[in-house]
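Notes follow once the structure below has been shown.
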Amino acid sequence: LRALAAGPTSMGRLALLVCRRADGVRETPERAILSPEEGLAGDGWSRRPPRDREAQLAVMRHDVALLIAGGQPLGVFGDNLFVDLDLSAANLPAGSRLRVGEALVEMTPEPHDGCLKFRGRFGQDALRFVQARATRNQNLRGVYWRVVEAGLAAVGDPVRVISRG
């Protein structure tokens with residue numbers, strides 16, 4: 001973790017999109033519509049009740065995901081967006097708004113802590129790593145965003161902080 005550069009605080013970029021299809025396949029489209037109704041268009045969130053808007057888009061820091069994945073494809077995380085941006089609570093408190101491509105999203109207070117699936121995919125050490133008390137405020141496992149205004153988002157698009165909560 002110490003070897004990773006600090007993430008940008010005000011403007012980063014969208015590194016990867018992941019859509020979880022109904023058949024369980026994970027796709028990595030180059031672009032997708034983000035909307036308040038569906039989250040990431042075609043993703044499993046819109047098919048699984050209850051559709052909790054506080055956990056609409058799962059987002060993770062791209063470099064941290066690469067570190068944990070150890071060569072596995074990032075789609076195995078189950079997250080929708082991988083970004084080059086500081087996702088820490090100090091930088092992006094709940095209520096912060098960001099522009100991702102054309103879409104407007106908002107940081108939710110919902111914790112994204114890691115789960116049994118995460119432990120099964122990456123091991124107990126990885127789960128301890130993302131849940132460590134000393135770094136918990138960095139949100140290494142990721143965060144949740146909800147879509148406020150629909151728009152197209154594409155890999156490589158800027159992720160710009162509009163306001164902090």
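Residues: numbered from 1 along the sequence shown.
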- Between Ala55 and Glu110, which heavy-atom pair has the shortest distance, and what is it? CB-CG, 4.3 Å
- Task: Just do the side chain to side chain contact (heavy atoms under 4.5 Å, CB included) check on Val100 and Asp157 with the steps written out, would you?
- Result: CA-CA 7 Å; Val100 181; Asp157 275 355; 5.7 Å; no
- Note on the structure: Shortest non-hydrogen pair, Pro8 vs Asn91, comes out as O-ND2, 4.5 Å
- Query: To the nearest 0.5 Å, how far apart are OG in Ser10 and CD1 in Ile162?
  - Reply: 10.5 Å
- Determine, stepwise, if the pair Met107 / Trp145 fulfils side chain to side chain contact (heavy atoms under 4.5 Å, CB included). CA-CA 5 Å; Met107 183 84 140; Trp145 292 346; 3.4 Å; yes
- Query: Between Phe77 and Ala69, what is the shortest heavy-atom contact and its length?
  - Reply: CE1-CB, 3.9 Å
- Are any side-chain N or O atoms of Arg128 and backbone N or O atoms of Gln131, one a donor and one an acceptor, separated by less than 3.5 Å? no
- Query: Transitively linked via ILVMFWY side-chain contacts under 4.5 Å: Leu140 with Ile68?
  - Reply: yes
- How long is the span from the CE atom in Met11 to the CZ atom in Arg160, to the nearest 0.5 Å? 5.0 Å
- Same hydrophobic cluster for Leu17 and Leu66, using side-chain heavy-atom links shorter than 4.5 Å among ILVMFWY? no
- Message: In the structure I gave you, are the side-chain heavy atoms of Glu149 and Glu102 within less than 4.5 Å of one another anywhere?
- Response: no
- Item | Connected via hydrophobic side-chain network under 4.5 Å: Leu16 and Leu14 | no
- Evaluation steps, side chain to side chain contact (heavy atoms under 4.5 Å, CB included), between Arg20 and Asn80: CA-CA 8 Å; Arg20 302 163 297 178; Asn80 304 112; 3.7 Å; yes
- Query: To the nearest 0.5 Å, what is the distance between CZ (Arg61) and OG (Ser88)?
  - Reply: 8.5 Å
- Output the distance between atom CG (Leu57) and atom CH2 (Trp45), rounded to the nearest 0.5 Å. 8.5 Å
- Query: At their closest point, which heavy atom of Arg21 faces which heavy atom of Arg47, and how far apart are they?
  - Reply: C-NH2, 2.9 Å
- Query: Step by step, would you call Glu37 with Ser46 a side chain to side chain contact (heavy atoms under 4.5 Å, CB included)?
  - Reply: CA-CA 8 Å; Glu37 299 78 26; Ser46 65; over 6 Å; no
- Item | Exercise: identify the closest heavy-atom pair between Leu85 and Leu92 | CD2-CD1, 4.0 Å
- Message: For the backbone of Val147 and the side chain of Gln56, can you confirm whether one donor and one acceptor N or O come within less than 3.5 Å of each other?
- Response: yes
- Spell out, as yes or no, whether a donor-acceptor pair under 3.5 Å connects the side chain of Ser96 to the backbone of Gly165. yes
- Anything under 30° is parallel, anything over 60° is perpendicular, the rest tilted; go ahead and classify His62 against Phe82. perpendicular
- Message: Looking at Arg51, I want to see if its CZ is surrounded by more than 12 non-hydrogen atoms of other residues, nucleotides or ligands under 6.0 Å.
- Response: yes
- Inter-residue atom distance Gln72.CD - Leu74.CG, 0.5 Å rounding: 9.5 Å
- Query: Any idea which heavy atoms bring Val130 and Arg136 closest together, and the distance?
  - Reply: O-CD, 4.0 Å
- Message: Between the side chains of Asp113 and Arg141, is the shortest nitrogen-to-carboxylate-oxygen separation below 4.0 Å, so that they form an ion pair?
- Response: no
- Query: If you group Ile, Leu, Val, Met, Phe, Trp and Tyr by side-chain heavy-atom gaps below 4.5 Å, do Leu81 and Tyr144 land in one group?
  - Reply: no
- With hydrophobic residues grouped by side-chain heavy-atom distances under 4.5 Å, do Val161 and Val159 end up in a single group? yes
- Message: Has Glu27 got a side-chain atom pairing as donor or acceptor with Cys19's backbone, closer than 3.5 angstrom?
- Response: no
- Note on the structure: d(Leu4 CG, Asp63 CG) to nearest 0.5 Å is 4.5 Å
